[in-house]
Amino acid sequence: MAGFRENEKQHFPLQSIQDVVDLFRDQLTGSDEPNLPLLSIVLGAIENVLTVNRSLPGEIDHSKTLEPIFPVIELETVEALYEKFVTHVKRSIDLTKFCGEVATRELVKLVSDVIWSSLMRSFYKDKAHLQSLYSFLTGNKLDCFGVAFGVVAAFQVLGYKDVHLALSEDHAWVTFGQDLLETAEVTWHGKGNEDKRGQPITMGVSEKSWLYLNDQPVLCTRQMEVASIVSGINPSISATVDSLEMGSLQQELLWLLYDMDHLSRYPMALGNLGDLEEISPTPERPQPIDLFNEAIQSALEHYNNQHVYPYTYLGGYLYRKGHHKKALQAWADAADTVRNYNYNREDEEIYKEFLEIANDLIPHMMKIVASDNAARIHHTSLLYDPDCYANFLRFYDGICEWEEGSPTPVLHITWAKQLVFSLSKFDLSVREHIEVKGEGLEDDSSSEEEEMEEEVNGRRGEEGEDKVMDDTEPSSSHRPGRRGRRPKINIEPEG
Ligand SMILES: CC1(C)CN=C(N2CCN(c3ncnc4sc(C(F)(F)C(F)(F)F)cc34)CC2)S1
């Protein structure tokens with residue numbers, strides 16, 4: 001059984017971050033493809049020592065001795081796991097029935113079944129450190145990303161060059177076939193959703209759905225698949241403690257991939273790197289703000305600006321730094337992106353993101369600026385700034401349009417309460433400086449008003465005079481937004 005190539009073996013044993021970076025650089029340089037199973041096993045083995053089996057009883061408390069505890073990763077360990085993966089894949093797939101150069105849907109489903117059927121019957125799917133082939137080979141556990149990556153790694157072992165990882169902001173699947181035009185589900189998503197493994201991602205499903213990014217997913221090359229496992233490194237030892245060694249390994253590997261231009265079409269990896277640079281800045285490297293803006297530029301240039309996370313990475317960073325006005329602008333830009341989508345039950349992750357921004361971060365920010373008396377007296381705070389008011393309204397307008405036409409409601413009473421709380425903090429003067437322009441509609445707008453009249457009366461009829469929407473669940477009588485065209489509102493400060 002062909003084990004590792006000579007140029008792979010020479011790096012072992014791995015005893016430092018630099019050794020791992022050298023192995024990855026070697027793997028990413030030259031004409032050969034990077035060995036996906038090898039690299040995933042290496043990262044998983046290191047992560048296991050530095051985060052999972054960290055606090056063994058009786059172990060020296062290295063935080064006291066400040067002595068680094070980078071593990072020694074022996075070639076034998078990694079090679080044995082690699083052979084196990086290769087043997088398992090090759091034994092389970094009889095390729096004589098698949099003679100084509102490229103994969104077929106039947107083969108993709110078969111390989112997905114091989115990974116799937118090897119998983120432990122039941123385990124906590126959301127646990128940390130289940131993303132690597134090390135976890136798969138030593139514990140038969142994988143998270144949903146790990147299954148998709150495992151399928152792609154298995155196809156590399158089988159000699160296929162056309163099967164690649166496709167990534168949205170909360171789901172992963174594969175592309176395959178002659179021009180990478182075929183797609184297939186290979187893993188599950190979320191809780192309580194039947195897996196759709198083997199099925200293509202069709203326009204019917206992916207159109208206006210955030211989970212599939214309106215058909216603008218990140219389509220990985222082999223090098224970007226390496227970037228996805230580096231980005232997927234999880235340095236957390238516990239809810240409050242991170243492994244510094246694991247974090248700096250991730251940071252160094254992301255800079256290696258950045259320098260080799262393998263992150264330019266991967267906004268989330270650029271965002272991850274920005275977060276790591278905020279925690280511990282690397283001298284002579286771009287600032288976090290630059291990386292977040294590169295992620296936004298990447299989404300604008302390559303993904304028709306359909307990605308939301310680049311704006312929430314930036315907004316979160318600006319908020320943490322106290323740049324409240326710019327944070328509001330980034331969040332309004334995020335809402336401008338989500339307005340293209342219809343919210344459905346599998347989009348919970350982005351719902352939670354906007355829920356936290358609207359009902360936690362913005363109200364907290366309003367409290368801080370409202371208590372800043374100096375800024376109040378000099379009218380310099382955002383509460384007097386029409387730009388901020390315009391961005392605030394744009395943020396909420398984006399969320400309202402997101403809800404319109406959606407099968408699942410977004411807003412409920414908490415949203416309304418927090419909106420009123422935040423809105424009331426703005427000074428009355430800001431309203432004199434903004435212009436809410438409705439663009440004319442092609443169809444006869446008077447019917448639009450009549451329809452609006454009906455709708456409002458209709459609702460009142462249904463829910464009683466001005467009844468507050470019920471507190472617990474989004475109101476059941478809530479009907480998806482009007483299907484008719486809506487006035488395009490440009491909210492711009494005057495002048
Ligand atoms: C602004 C934020 C709330 C901060 N972290 C965010 N992350 C952390 C990193 N992250 C990611 N970072 C790199 N690559 C990927 S691929 C992926 C996924 F497609 F959803 C998968 F594979 F199903 F898990 C997720 C994800 C997901 C989004 S968004």
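Counting convention: from 1, in listed order, for ligands and their atoms alike. Since we're looking at a predicted model, the values are computed, not measured.
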Take Arg339 and Asp336 through the side chain to side chain contact (heavy atoms under 4.5 Å, CB included) test and state the conclusion after the steps. CA-CA 5 Å; Arg339 70 168 74 234; Asp336 265 348; 2.9 Å; yes
Main-chain N/O of Ala148 paired to Thr187 side chain as donor or acceptor, under 3.5 Å: no
So is Ser228 close enough to ligand 1, meaning a heavy atom under 4.0 angstrom away? no
Count the heavy atoms belonging to other residues, nucleotides or ligands that lie under 6.0 Å from CZ of Arg265, then report whether that count exceeds 12. no
Take a 6.0 Å sphere around NZ of Lys326 and say whether it holds more than 12 heavy atoms from other residues, nucleotides or ligands. no
Face-on cation placement of Lys321 at Tyr319 ring, 6.0 Å and 45° thresholds: no
for atom 20 (F) of ligand 1, nearest protein heavy atom and its distance come out as Asp170 CA, 3.0 Å
Of Gly271, Ser168, Cys144, Ala295, the one whose closest heavy atom lies nearest atom 17 (C) of ligand 1 is Ser168
Is Lys425 close enough and on-axis enough to Phe421, meaning under 6.0 Å and within 45°, for cation-pi? yes
Is a side-chain donor or acceptor of Asp347 paired with a backbone partner of Ile350 at a separation under 3.5 angstrom? no
Would you mind finding which of His171, Met268, Glu353 brings a heavy atom closest to atom 10 (N) of ligand 1? Met268
Of all the atoms in ligand 1, which lie at a distance below 4.0 Å from a heavy atom belonging to Glu169? 20 (F)
Does Ser406 reach the main-chain N or O of Trp402 with its side chain, forming a donor-acceptor pair under 3.5 Å? yes
Starting from atom 24 (F) of ligand 1, what is the nearest protein heavy atom, named by residue and atom, and what distance separates them? Phe145 CB, 3.9 Å
Answer with side chain, backbone, both or neither: which part of Ala172 has a heavy atom less than 4.0 angstrom from an atom of ligand 1? both
Out of Thr312, Ile350, Asn272, Val230, indicate the one that has the non-hydrogen atom closest to atom 9 (C) of ligand 1. Asn272
Any idea which of Tyr309, Phe292, Tyr313, Tyr317 brings a heavy atom closest to atom 5 (N) of ligand 1? Tyr313
For Ser231, counting its heavy atoms only, list the atoms of ligand 1 lying under 4.0 Å from any of them. 13 (C)
Regarding ligand 1, does Tyr266 bring an N or O atom to under 3.5 Å of one of the ligand's N or O atoms? yes
